[in-house]
Asker: 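Take this structure, written in structure tokens, and hold onto it; I'll ask about it next.
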Amino acid sequence: EKKIYVAGNIAMGTTVFVIMTVLYFINIYMQTPVLLNFTAIKAGIYMLPFSGGMFITSSFCASKLTSGLGFRLPISVSFFAMSIAFACMSLINLNTEYWELGIGLLVIGAGTGIAFSSAPSLGMSAMPDEKAGEASGVITTVNYICGVAAISIGTILFHHYGIKTVHRIISTFYFSK
């Protein structure tokens, strides 16, 4: 029972880490003046595949999948699909078409929708009713910690590695005129 509860927490934490990373850093990519230079509204519209995929799978698919297949397979497949999408999205650049970005965001959104709605249930399924409140509190705490960690770690990595890329783009842009 303890292993199942820990697995639910790990799945939940990983999913929140993914969600916060996508929401924060893809928006930075879209709105940075030397990158895509989108307005906030245009960036929000471009994020709709992520939000839509997450909404549809968490609202309509996840409970049906887990009731028929259990938790392990749907969560595992969602993480595998998100991994492939992230690998593809690592190839995006300033010439990337919207549909390429949109497909990656849709798959990541669909994967997070399944995992986000299934992982807490996985963890809670291992707990007796008398420990439900405490167990739920721990899952919620893991949620918040992993969300903060995603932004913190990502910002440190961006500052250390990403800013060099931004400076290279700026220098190429201005010196090529």
Asker: At their closest point, which heavy atom of I19 faces which heavy atom of M54, and how far apart are they?
Answerer: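 So the minimum-distance heavy-atom pair works out to CD1-CE, 3.4 Å.
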Asker: At what distance, to the nearest 0.5 angstrom, does OG of S58 lie from CD1 of I114?
Answerer: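 The CD1 atom of I114 is 9.5 Å from OG of S58, to the nearest 0.5 Å.
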Asker: Testing the basics here: between E97 and E100, what is the closest heavy-atom pair and its distance to 0.1 Å?
Answerer: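 It is N-OE1, 2.7 Å.
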Asker: Using a 6.0 Å cut-off, check whether atom OH of Y24 has over 12 heavy atoms from anything other than its own residue.
Answerer: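 Not more than 12 within 6.0 Å, no.
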Asker: Please answer: with hydrophobic residues joined when any side-chain heavy atoms are less than 4.5 Å apart, are L106 and I92 in the same cluster?
Answerer: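 No, because L106 and I92 fall into different hydrophobic clusters, even though each may have its own neighbours under 4.5 Å.
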Asker: Enumerate donor-acceptor pairs with a distance under 3.5 Å from any side-chain N or O in residues 62-76 to protein atoms, sequence neighbours excluded.
Answerer:
| residue | atom | partner | partner atom | Å |
| --- | --- | --- | --- | --- |
| T66 | OG1 | A62 | O | 2.9 |
| T66 | OG1 | S63 | O | 3.3 |
| S67 | OG | S63 | O | 3.1 |
| S67 | OG | K64 | O | 3.1 |
| S76 | OG | R72 | O | 2.7 |

Asker: Through direct or indirect side-chain contacts below 4.5 angstrom among Ile, Leu, Val, Met, Phe, Trp and Tyr, which residues connect to F55?
Answerer: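 Once heavy-atom contacts under 4.5 Å are chained together, F55 belongs with I56, F60.
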Asker: Once side chain to side chain contact (heavy atoms under 4.5 Å, CB included) is applied, do any residues pair with I156, and if so which ones, sequence neighbours excluded?
Answerer: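 Per chain and number, I156 pairs via side chain to side chain contact (heavy atoms under 4.5 Å, CB included) with no residue.
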Asker: Any non-hydrogen side-chain atom of V18 less than 4.5 Å from a side-chain atom of I108?
Answerer: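 Yes, at least one pair of side-chain atoms sits under 4.5 Å.
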Asker: Search all heavy atoms of V107 against all heavy atoms of A85 and return the closest pair with its distance.
Answerer: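 Distance-wise, the nearest heavy atoms are CG1-CB, 3.8 Å.
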Asker: In chain order, what residues pass the side chain to side chain contact (heavy atoms under 4.5 Å, CB included) check against T39, with sequence neighbours excluded?
Answerer: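 T39: side chain to side chain contact (heavy atoms under 4.5 Å, CB included) contacts with I41, K42.
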Asker: Hey, mind stepping through L23 and F50 against side-chain contact (heavy atoms from CB on, under 4.5 Å) and telling me if it holds?
Answerer: CA-CA 9 Å; L23 290 176; F50 174 79; 3.7 Å; yes
Asker: What side-chain donor-acceptor pairs closer than 3.5 Å can you find for residues 9-16, not counting sequence neighbours?
Answerer:
| residue | atom | partner | partner atom | Å |
| --- | --- | --- | --- | --- |
| N9 | ND2 | Y5 | O | 3.0 |
| T14 | OG1 | I10 | O | 2.8 |
| T15 | OG1 | A11 | O | 2.7 |

Asker: A115 and S78: which non-hydrogen atoms are nearest, and at how many Å?
Answerer: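 Reported closest heavy-atom pair: CB-OG, 3.7 Å.
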Asker: Indicate yes or no for a side-chain donor-acceptor contact from T57 to the backbone of A110 under 3.5 Å, with no hydrogens or angles considered.
Answerer: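 Yes; judged by distance alone, with no hydrogens or angles, the pair exists.
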Asker: Would you kindly confirm whether I4 and F116 end up in one hydrophobic cluster when ILVMFWY residues are joined by side chain heavy atoms under 4.5 Å apart?
Answerer: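 Yes, it is one cluster - the side chains of I4 and F116 are joined through contacts under 4.5 Å.
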Asker: Output side-chain donor-acceptor pairs under 3.5 Å for residues 124-153, partner residues at least two apart or in another chain, one line each.
Answerer:
| residue | atom | partner | partner atom | Å |
| --- | --- | --- | --- | --- |
| S125 | OG | L122 | O | 2.6 |
| T140 | OG1 | S136 | O | 3.0 |
| T141 | OG1 | G137 | O | 2.8 |
| S152 | OG | V148 | O | 2.9 |

Asker: Partners of Y98 by ring-ring contact (aromatic ring centres under 6.0 Å, His included), sequence neighbours excluded?
Answerer: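 Listed in chain order: Y46.
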Asker: Same cluster for L36 and I103 if Ile/Leu/Val/Met/Phe/Trp/Tyr side chains link at under 4.5 Å?
Answerer: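 No.
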Asker: Stepwise, does the side-chain contact (heavy atoms from CB on, under 4.5 Å) test hold for I28 with F25?
Answerer: CA-CA 5 Å; I28 287 176; F25 292 102; 4.0 Å; yes
Asker: By side chain to side chain contact (heavy atoms under 4.5 Å, CB included), which residues pair with N27, not counting sequence neighbours?
Answerer: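 Partners of N27 by the side chain to side chain contact (heavy atoms under 4.5 Å, CB included) criterion, ordered by chain and then number, come out as Q31, A43, M47.
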Asker: Distance check, rounded to the nearest 0.5 Å: F158 atom CZ versus T155 atom OG1?
Answerer: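 Nearest 0.5 Å value for the CZ-OG1 distance: 8.5 Å.
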